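What you see below is based on every heavy atom in this structure, not just the backbone, and it leaves out hydrogens, waters and symmetry mates. Computed from a prediction, not measured in an experiment: that's the story for all the values here.
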Amino acid sequence: MNLDHAFVCGHPVLDFAATLRARRSTRFEMFVTPDRLNAWYLESGLVDAITPGEADDVREAITVREALYRLVTDRRLGEDFDRQALAVLNAAARQAPATPQLTAAGRHTDATPSQALATVARQAVELLSGPDVPLLKECGNPECTRVYIDRSRGMRRQWCGMESCGNKIKAAAYRARKKAAPAPAGS
């Protein structure tokens, strides 16, 4: 399994929720260490620098991520929010977020893992109460459980990303068509 963090969902909150991959089959956890969690915060562009994390930071991030995934799923399916998941997300959103500072070189954001997580939670509140809710879709790859924002023309996007899922599905469909095609006459 690829250990690179993927940012294909169209919003950092959705990419955060997708850090537990293949939820319906062979689950793969991306946040296995504090360093991997902090790498996500940095690679997402949420922060520019982050203090070293601890195992508790990972446990808290996973708890918030799972609540977030549940709420995204509830919203996408038009269901009422799960009360426990809502409480978890709102508690995280009430914490002090990462605060950008202006420096001579431009904008810079230093944070602790707790502040970075609070920032993710606040962005989740904005996403799940904002205008992009009708654009939330789950990837068409049965093995993938990423939810993305479909801003494509006519809302016809089917996969979270072409590299991660679209090419695999298209290649499998091509192979299936070739296998099912009758042999040429005279063979």
Could you check whether any side-chain N or O of [X] sits under 3.5 Å from a backbone N or O of [Y], counting only pairs where one atom can act as donor and the other as acceptor?
X      : Y      : result
Asn38  : Thr51  : yes
Thr119 : Ala98  : yes
Arg24  : Cys144 : yes
Asp57  : Ser114 : no

Worksheet item: side chain to side chain donor-acceptor pair (under 3.5 Å) with Asp150: which of Arg156, Lys137, Gln158?
Response: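 Passing option: Lys137.
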
Verdict with reasoning, Arg94 to Asn90, per side chain to side chain contact (heavy atoms under 4.5 Å, CB included):
CA-CA 6 Å; Arg94 282 192 290 273; Asn90 285 331; 3.8 Å; yes

Step by step, work out the side chain to side chain contact (heavy atoms under 4.5 Å, CB included) result for Val88 and Val64.
-> CA-CA 6 Å; Val88 168; Val64 171; 4.2 Å; yes

Quiz item: Around Gln84, counting heavy atoms of other residues, nucleotides and ligands shown, do more than 12 lie under 6.0 Å from its CD?
Solution: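 At most 12 heavy atoms, drawn from other residues, nucleotides or ligands, come within 6.0 Å of this atom.
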
Count the heavy atoms of every other residue, nucleotide or ligand shown that sit under 6.0 Å from CD of Glu43, and state whether that count exceeds 12.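 Yes - once you tally the heavy atoms of other residues, nucleotides and ligands closer than 6.0 Å, there are more than 12.
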
Are [Y] and [X] connected in a single hydrophobic cluster, I mean Ile/Leu/Val/Met/Phe/Trp/Tyr linked by side-chain heavy atoms less than 4.5 Å apart?
X      : Y      : value
Val120 : Tyr148 : no
Leu20  : Tyr69  : no
Leu136 : Phe7   : yes

Heavy-atom side-chain contact between Leu42 and Val47 under 4.5 Å =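 When only atoms from C-beta onward are counted, Val47 and Leu42 do touch, with a gap below 4.5 Å.
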
> Taking C-beta and beyond as the side chain, do Asp74 and Asp80 meet within less than 4.5 Å on heavy atoms?
Replying inline: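 No, side chains not in contact.
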
- request: Give me the ring orientation class for His5 and Phe31: parallel if the planes are under 30° apart, tilted from 30 to 60°, perpendicular past 60°.
  value: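 Correct class here is tilted.
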
How far apart are the closest heavy atoms of [X] and [Y], and which atoms are they?
X      : Y      : result
Ser25  : Glu143 : OG-OE1, 2.7 Å
Arg151 : Leu135 : CG-CD1, 4.1 Å
Leu71  : Ala85  : CD1-O, 3.7 Å
Arg157 : Val8   : NH2-O, 3.0 Å
Ile149 : Gly10  : CD1-O, 4.0 Å
Tyr41  : Ala61  : OH-CB, 4.1 Å

Starting at CG of Leu14, measure out to CG of Leu68 and round the result to the nearest 0.5 Å.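 If we round to the nearest 0.5 Å, Leu14:CG and Leu68:CG are 7.5 Å apart.
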
**Prompt:** When rounded to the nearest 0.5 angstrom, what distance separates CZ in Arg21 from OG1 in Thr145?
**Reply:**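 Taking CZ in Arg21 and OG1 in Thr145, the distance rounds to 10.0 Å.
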
- Kindly indicate, with the supporting measurements, whether the criterion side chain to side chain contact (heavy atoms under 4.5 Å, CB included) is fulfilled by Gln123 and Leu46. CA-CA 10 Å; Gln123 288 182 357; Leu46 196 67; 3.6 Å; yes

Can Leu128 and Val72 be said to form a side chain to side chain contact (heavy atoms under 4.5 Å, CB included), step by step?
-> CA-CA 7 Å; Leu128 294 173; Val72 166; 3.9 Å; yes

